[in-house]
Amino acid sequence: MAALVLPPDYLGSTLMQPPGVSDYVMIAWLSMSMGTVAGALGSGFADEDAIRQAACSRREQERRARLSRQEPDGADTSQE
């Protein structure tokens with residue numbers, strides 16, 4: 001995948017030597033590591049409601065809200 005984004009000519013001019021497979025593996029590893037760290041940091045800043053809103057559709061959110069208003073026996077406690 002890195003070979004598609006970074007053509008060998010460009011990478012070679014940046015490294016000042018012909019790029020090898022190990023150079024592309026290093027770039028892939030670095031990209032993956034940076035993505036993992038960024039994801040971990042980002043997940044620490046999100047609260048449960050923000051995660052639920054991003055992950056669930058509006059219809060699912062409405063269904064969950066309806067279910068949370070119901071008593072354990074299934075009776076609706078809302079005053080609608």
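All values reported here derive from a predicted model rather than from experimental measurement.
In plain terms, the two heavy atoms of Pro19 and Gly12 that are nearest each other are CD-CA, 3.7 Å.
Grouping the Ile, Leu, Val, Met, Phe, Trp and Tyr side chains by contacts below 4.5 angstrom, directly or via other members, places Ile27 with Tyr10.
Between atom CE of residue Met16 and atom CG of residue Leu11 there is a gap of 12.0 Å, rounded to the nearest 0.5 Å.
Judged by distance alone, the side chain of Tyr24 and the main-chain N or O of Leu6 form a donor-acceptor pair under 3.5 Å.
Residues passing the side chain to side chain donor-acceptor pair (under 3.5 Å) test with Glu60, sequence neighbours excluded: Arg63, Arg64.
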